Q: 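For reference, the structure I am asking about is given below.
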Amino acid sequence: MSHNAFIREYGNFMRKVFYVFIITVLMMLVLTCIMMSDISRMSAYTYNSVEKIPHNRTGLLLGTSKFVSKNRINQYYQNRINAAIELFHSGKIDYIVVSGDNALQSYNEPRTMRKDLIKRGIPSDRIYLDYAGFRTLDSVVRIKHIFKQNSVTIISQDFHNERAVYIARHNGINAIAFNAHVPKQDFFVSNIREFFARLKCILDVYIFDSKPKFLGDSIEIGGENISPKHAQLHDTTHSAEGKPEAIIPEQNDAADGIMNNSDYEYEESVPNDEGSYQEPAGEQDASEQMPDASGTHH
């Protein structure tokens, strides 16, 4: 074969490879768009009206940080708290599982949410803590495998709820959701972030078959409530693969919600003379200090 003939054959081969690559990419984009639209269709299971949403025994409140800057409260956080309180006082949920990140000793989303719910009149024995809700998938899957709930009302903003319901129904959970108000000033940023979160969700569900970072002993909703000092990640913790998980002391303390740092030593909320709850003087979670401009649960 002459040199020129070889060049022509090689060129034809590379063009075919290029066409196959383009077709493959286009097919993947189409498939991704279909799956993304499937997530959006979960809006059929979300509600904006407390009067219209059906009753569920348990609500799952998805966590985020309380502040976006030193003196500026995260409106995503505040609106989720308001939504959970509205559902509870309207009799649409009987218990609330607060699920969030407690990966660091100084950062405790579930404890912060619990404190604010109690201050707003939710009885402490109606609140259950999930310290291993590192991201949405963990929170949703753990509501079934740890808290044994096959039906749940998820509480977050609408775009986040659609993704959470999608994960829930993929895992056999009969989930609906109540939409907390979306702050207008952060609408664009949140939707850009949510686009990539949905791409990650598709990969988690269909490619990686992702599992929660931690599973463990089951907890009965309506049974004996667990002290905020003791998380589900204690000595009996197992990884999602079912193998015992080695927990170093620092991780164990963080899981238990115990602040070893002298500035964040844990104390339980106690009722005052009027019967309401107040926090020990000087206590403030780092989750109330760390900025999180996204406002969504990872």
Side-chain angles (χ1 to χ4, degrees), residues 27-43 45-46 58 60-65 97-104 107 109-110 129-177 190-219 231-233 236-247 251 254-255 292 294-298:
M27 290 179 63
M28 291 179 64
L29 287 174
V30 170
L31 185 60
T32 299
C33 289
I34 292 173
M35 292 178 178
M36 294 279 272
S37 66
D38 285 342
I39 296 177
S40 295
R41 279 197 288 269
M42 294 299 104
S43 62
Y45 299 103
T46 69
T58 303
L60 172 61
L61 178 57
L62 299 179
T64 186
S65 58
V97 174
V98 292
S99 181
D101 193 345
N102 182 207
L104 303 175
Y107 187 78
E109 288 178 357
L129 303 179
D130 178 13
Y131 296 93
F134 302 116
R135 59 195 188 115
T136 304
L137 184 143
D138 294 60
S139 298
V140 170
V141 175
R142 282 173 58 85
I143 199 68
K144 178 178 181 180
H145 291 280
I146 300 299
F147 296 94
K148 302 304 179 184
Q149 302 300 296
N150 293 312
S151 181
V152 69
T153 297
I154 299 170
I155 306 163
S156 187
Q157 277 70 30
D158 53 3
F159 56 87
H160 191 196
N161 278 337
E162 291 171 7
R163 176 161 49 95
V165 170
Y166 184 80
I167 295 170
R169 291 187 170 267
H170 181 79
N171 283 275
I173 304 169
N174 182 24
I176 58 175
S190 297
N191 276 271
I192 292 296
R193 181 189 182 280
E194 183 62 20
F195 173 79
F196 289 103
R198 292 188 179 196
L199 286 179
K200 180 64 165 63
C201 173
I202 292 170
L203 293 175
D204 283 336
V205 169
Y206 293 106
I207 305 299
F208 302 130
D209 191 25
S210 299
K211 306 297 182 185
K213 183 175 181 180
F214 290 110
L215 293 175
D217 294 341
S218 63
I219 295 172
Q232 296 86 287
L233 309 187
T236 56
T237 298
H238 290 68
S239 67
E241 288 76 18
K243 299 177 182 179
E245 188 76 25
I247 303 178
Q251 290 175 319
D292 180 2
S294 67
T296 57
H297 193 286
H298 297 286

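Owing to the predicted nature of the structure, the values given are computational and were not obtained by experimental measurement.
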Q: Strictly distance-based, threshold 3.5 Å: is any side-chain N or O of Arg198 a donor or acceptor partner for the main-chain N or O of Arg163?
A: no
Q: If you round to the nearest 0.5 Å, how far is CE of Met36 from OH of Tyr166?
A: 10.5 Å
Q: Give the minimum heavy-atom separation between Ser43 and Glu162, together with the two atoms involved.
A: CB-OE2, 3.4 Å
Q: Give, for atom CG of Asn174 and atom OH of Tyr45, the distance between the pair rounded to the nearest 0.5 Å.
A: 8.5 Å
Q: In Å and rounded to the nearest 0.5 Å, what is the CD1 to OG1 distance from Ile176 to Thr153?
A: 3.5 Å
Q: Tell me if a side-chain donor or acceptor on Glu109 pairs with a main-chain N or O of Asp101 at a distance below 3.5 Å.
A: yes
Q: Determine the minimum heavy-atom distance between Ile146 and Asp217, stating which atoms define it.
A: CG2-O, 3.6 Å
Q: Taking Gly216's backbone N and O only, do any of them form a donor-acceptor pair with Arg142's side chain (distance below 3.5 Å, no angle check)?
A: no
Q: Would you say that Asn171 contacts Val141 through its side chain, given a criterion of any heavy-atom pair below 4.5 Å between the two side chains?
A: yes
Q: Ignoring hydrogens, what is the shortest heavy-atom contact between Tyr131 and Phe134? Give both atom names and the distance.
A: O-CE2, 4.1 Å
Q: What distance separates Ile154 CD1 from Ile173 CD1, expressed to the nearest 0.5 Å?
A: 7.5 Å
Q: State which residues pass side chain to side chain donor-acceptor pair (under 3.5 Å) with Lys148; sequence neighbours excluded, sorted by chain then number.
A: none
Q: Calculate, to the nearest 0.5 Å, the distance between atoms OG and CD1 belonging to Ser99 and Ile155 respectively.
A: 11.5 Å
Q: Is Asn161 reaching over with its side chain to a backbone N or O of Ser156, donor-acceptor style, under 3.5 angstrom?
A: yes
Q: Return the minimal non-hydrogen interatomic distance between Ala177 and Val165, and the atom names on each side.
A: CB-CG2, 3.8 Å
Q: Locate the shortest heavy-atom distance separating Gly133 from Ser139; write the atom from each residue and the value.
A: CA-OG, 3.4 Å
Q: Do Arg135 and Ser210 have side-chain heavy atoms sitting under 4.5 Å apart?
A: yes
Q: Applying side-chain contact (heavy atoms from CB on, under 4.5 Å) to Phe147 and Thr58, what does each step give before you reach the verdict?
A: CA-CA 10 Å; Phe147 296 94; Thr58 303; over 6 Å; no
Q: Mind listing the closest non-hydrogen atom pair of Ile167 and Cys201 along with its distance?
A: CG1-SG, 3.7 Å
Q: Test side-chain contact (heavy atoms from CB on, under 4.5 Å) on Val97 and Asp130; report intermediate values, then the result.
A: CA-CA 7 Å; Val97 174; Asp130 178 13; 4.1 Å; yes
Q: Atom CG of Leu62 and atom CG of Asp138: how far apart are they, to the nearest 0.5 Å?
A: 11.0 Å
Q: Under the criterion side-chain contact (heavy atoms from CB on, under 4.5 Å), I'd like the reasoning laid out for Ile39 against Ile202: C-alpha separation, chi angles, the key distance, then a yes or no.
A: CA-CA 9 Å; Ile39 296 177; Ile202 292 170; 4.2 Å; yes
Q: Could you pull out all residues at least two apart from Ser218 that satisfy side chain to side chain donor-acceptor pair (under 3.5 Å)?
A: none
